[in-house]
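A short worksheet on the structure shown next.
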Amino acid sequence: MLVIRAVQTADLDALIEMARQAGSGMTTLKPDRKMLGDRVATAVASFNQTIPPEQRDYMFVLEHTGDGSIAGVCAIKGAVGLTEPFYNYRIGTLVHCSRELNVFTRMETLYLSNDLTGASELCSLFLLPQYRAGFNGKWLSKSRFLFIAQFQQLFTEKIIAEMRGYQDEHGVSPFYEGLGRHFFKMDFDHVDGLTAIGKKSFIAELMPRQPLYVDYLPESAREVIGKVHTSTQPARKLLENEGMHYEGYVDIFDAGPVLQGRVSELRAVRDSVLAVAEEAAPEEETEHLLVSNTRLADFRMILTRGVPGAARIALSAHELSQLRVQAGDEVRTLPLTTRKNAHA
């Protein structure tokens with residue numbers, strides 16, 4: 001059985017190995033023992049509420065309960081950009097017009113921006129290849145939304161997710177090669193690695209502050225602005241189904257899109273319900289449900305079958321045990337799949 005739970009200090013070695021497999025472009029998950037160790041420590045403090053909400057970093061792992069191995073990871077940061085700068089490009093428009101020459105041009109521009117400072121962030125989603133089957137990836141990603149629905153008071157109204165930008169079959173980022181390399185004079189992986197360990201001052205020092213005309217970039221770079229990595233396309237679609245949207249902000253290195261949403265408008269906030277757990281086998285027509293306990297310090301979640309929106313949910317003794325709840329306790333439930341008539 002698989003269970004999603006709050007990260008623990010003992011998970012560090014497994015996370016480092018997972019980060020090695022994640023590859024380049026995933027800034028928040030690098031195989032750096034000090035960086036990941038500090039992050040796990042912050043996560044443990046976050047679940048224990050010993051640091052302020054805006055400093056928190058809630059990390060979750062997908063655990064195989066049979067052998068205790070870790071199959072995946074995901075996270076939510078309480079707020080970004082409050083202790084170190086958080087940069088994006090905002091895509092804007094500049095108009096040049098001459099009535100005398102009868103010329104009107106509208107040109108896209110890239111503005112170096114800190115507009116998203118303070119927003120909560122979904123990040124660090126990674127699932128080991130051997131577990132990329134069934135509903136595992138879908139469940140792991142959506143688990144964060146159910147956590148937010150249960151603990152809305154811990155997050156800002158705006159929530160964002162930086163999507164991994166496009167890379168070709170050789171792992172090359174056309175956007176970085178067409179723009180960033182001219183200013184940073186180093187390989188993409190090196191820049192990405194420096195950002196991951198918090199060394200971001202070079203961005204402000206080396207990047208131009210004035211708007212950059214998109215038309216000046218090579219065609220290969222222009223074509224991938226706002227485009228995600230091939231393996232990230234399903235994750236983007238999933239987040240959009242949960243209520244997040246692309247609003248013209250991209251990553252400054254690979255031009256991956258930044259999705260944004262309002263916590264109050266997320267599907268999980270709208271459709272999840274509190275239900276009373278009971279030890280029984282479901283008898284009515286059921287569908288896949290995410291079910292979590294309601295405790296911050298020992299947050300746990302499973303995927304099971306149940307009746308959507310019901311006031312009670314039937315769980316087996318093993319499922320109750322994995323959630324660390326008893327019959328009669330309150331749990332939160334959310335259908336795994338978005339209902340087609342949800343917005344009707």
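The backbone N or O of Y213 sits nowhere less than 3.5 Å from a side-chain atom of T109 that would complete a donor-acceptor pair. Proximity of a side-chain donor or acceptor of D251 to a complementary backbone N or O of G256 within less than 3.5 Å is not detected. Side-chain atoms of R56 come within 3.5 Å of backbone atoms of I51 as a donor-acceptor pair (strictly under, hydrogens ignored). Of the possible donor and acceptor atoms, none in the side chain of S141 sits under 3.5 Å from a partner among the backbone N and O of K138. Listed for the H64 side chain is a donor-acceptor partner under 3.5 Å among the backbone atoms of G66. Judged by distance alone, the side chain of T65 and the main-chain N or O of M1 form a donor-acceptor pair under 3.5 Å. Using a distance-only test at 3.5 Å, with no hydrogens or angles considered, no donor-acceptor pair links the side chain of R332 to the main chain of S292. No donor-acceptor pair closer than 3.5 Å links the side chain of N48 to the backbone N or O of T50. Looking only at distances, a side-chain donor or acceptor of T156 sits under 3.5 Å from a matching main-chain atom of S120.
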Exercise. Apply side-chain hydrogen bond (donor to acceptor under 3.5 Å, both in side chains) to T42 and Q55, showing your working.
Key: CA-CA 8 Å; T42 298; Q55 295 177 18; over 6 Å; no
Quiz item: Where do L116 and Y249 land on the side-chain contact (heavy atoms from CB on, under 4.5 Å) test, with the steps shown first?
Solution: CA-CA 9 Å; L116 302 180; Y249 288 85; 4.2 Å; yes
Quiz item: Can S113 and D115 be said to form a side-chain hydrogen bond (donor to acceptor under 3.5 Å, both in side chains), step by step?
Solution: CA-CA 5 Å; S113 159; D115 291 352; 3.2 Å; yes
Practice problem: Give the C-alpha distance, both sets of side-chain angles, the deciding distance and a yes or no for side-chain hydrogen bond (donor to acceptor under 3.5 Å, both in side chains) between R267 and S272. | Solution: CA-CA 8 Å; R267 180 183 76 95; S272 69; over 6 Å; no
Self-check item: Pair E157-S264, side-chain contact (heavy atoms from CB on, under 4.5 Å): steps then yes or no
Solution: CA-CA 7 Å; E157 178 59 12; S264 59; 2.6 Å; yes
Practice problem: Report the C-alpha separation of I76 and I148 in whole Å, then their side-chain angles, then the decisive distance to 0.1 Å, and conclude whether the side-chain contact (heavy atoms from CB on, under 4.5 Å) test is met. | Solution: CA-CA 9 Å; I76 318 167; I148 291 170; 3.8 Å; yes
Practice problem: Show the numbers, then the answer: is there a side-chain hydrogen bond (donor to acceptor under 3.5 Å, both in side chains) between T93 and R106? | Solution: CA-CA 7 Å; T93 302; R106 182 171 56 189; 5.8 Å; no
Practice problem: Carefully, step by step, assess L62 and W139 under the rule side-chain contact (heavy atoms from CB on, under 4.5 Å). | Solution: CA-CA 10 Å; L62 180 64; W139 172 36; 3.5 Å; yes
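Within the model, atoms CZ of R164 and NE2 of H229 stand 4.0 Å from one another, a figure rounded to the nearest 0.5 Å. In this structure, CZ in R144 is found 4.5 Å from CG in L122, a value given to the nearest 0.5 Å. Atoms CE and CG, from M301 and N293 in turn, are 8.5 Å apart once rounded to the nearest 0.5 Å. For the atom pair CD of Q21 and CG of L127, the computed distance is 10.5 Å after rounding to the nearest 0.5 Å. Within the model, atoms CE of M59 and CG of L29 stand 6.5 Å from one another, a figure rounded to the nearest 0.5 Å. Rounding to the nearest 0.5 angstrom, the gap separating the CG atom in D254 from the CD1 atom in I225 is 11.5 Å.
Y246 has its side chain within reach of I91: a pair of non-hydrogen atoms, C-beta onward, lies under 4.5 Å apart. Using a 4.5 Å heavy-atom threshold, the side chains of F184 and M207 count as touching. Between R295 and R324, some side-chain heavy-atom pair lies under the 4.5 Å cut-off. Counting heavy atoms from C-beta outward, L303 and L2 have side chains that stay 4.5 Å or more apart. Counting heavy atoms from C-beta on, the side chains of E279 and S316 never come closer than 4.5 Å. Inter-residue side-chain proximity for E319 and I313 is flagged as unmet; no heavy-atom pair is nearer than 4.5 Å. Side-chain contact between V40 and L15 is present, with heavy atoms from C-beta onward closer than 4.5 Å. You'll find the side chain of E287 reaches within 4.5 Å of the side chain of P308, heavy atoms only.
Aromatic ring centres of F151 and Y58 lie farther apart than the 6.0 Å criterion allows. For F47 and F299, the gap between ring centers reaches or exceeds 6.0 Å. Residues F60 and F147 place their aromatic rings such that the two centres sit under 6.0 Å apart.
Closest of all the heavy-atom pairs between P257 and V250 is CA-CG1, 4.3 Å. Of all non-hydrogen atoms in V7 and A43, the two that sit nearest each other are CG1-CB, 3.5 Å. Across all their heavy atoms, A281 and A314 have their closest contact at C-CB, 3.9 Å. Summarising the geometry of P31 relative to A19, their closest heavy-atom pair is N-CB, 3.5 Å, with the distance given to 0.1 Å. Listed here is the closest heavy atom pair of A75 and R39: CB-NH2, 3.3 Å. Minimum interatomic distance between S220 and P174 (heavy atoms only, all atoms of both residues): O-CB, 3.5 Å.
Remark: Q233 CD is packed, more than 12 non-hydrogen atoms of other residues, nucleotides or ligands lying under 6.0 Å away. Annotation: E219, atom CD; neighbour count of heavy atoms from other residues, nucleotides and ligands within 6.0 Å does not exceed 12. Crowding of Q153 atom CD: a count of heavy atoms from other residues, nucleotides or ligands under 6.0 Å exceeding 12.
The cluster map of Ile, Leu, Val, Met, Phe, Trp and Tyr, joined by side-chain heavy atoms under 4.5 Å apart, puts V269 and V291 in different clusters. A chain of hydrophobic side-chain contacts below 4.5 Å, direct or via other Ile, Leu, Val, Met, Phe, Trp or Tyr residues, connects F188 to F183. I302 and V307 are assigned to two separate hydrophobic clusters, defined by single-linkage of ILVMFWY side chains at heavy-atom distances under 4.5 Å. Clustering ILVMFWY residues whenever any of their side-chain heavy atoms sit less than 4.5 angstrom apart, transitively, puts F155 in the very cluster that holds M244. Placement of Y176 and L212 within a single hydrophobic cluster is found when ILVMFWY residues are connected by side-chain heavy-atom separations under 4.5 Å, directly or transitively.
Cation-pi geometry between R132 and F126 is met: the NZ or CZ atom falls under 6.0 Å from the ring centre, inside 45° of the normal. Judged by a 6.0 Å distance limit and a 45° cone about the ring axis, R209 is not positioned over the six-membered ring of Y111.
Between D38 and R33 there is no salt bridge, since none of the side-chain N atoms of the basic residue sits less than 4.0 Å from a carboxylate O of the acidic one. A salt bridge links E242 and K142; the closest N-O separation between the charged side-chain nitrogens and carboxylate oxygens is under 4.0 Å. A salt bridge is defined here as a Lys NZ or Arg NE, NH1 or NH2 lying under 4.0 Å from an Asp or Glu carboxylate O, and K237 with E240 fails to meet this definition. Salt bridge present: R5 and D11 bring a charged side-chain N and a carboxylate O closer than 4.0 Å.
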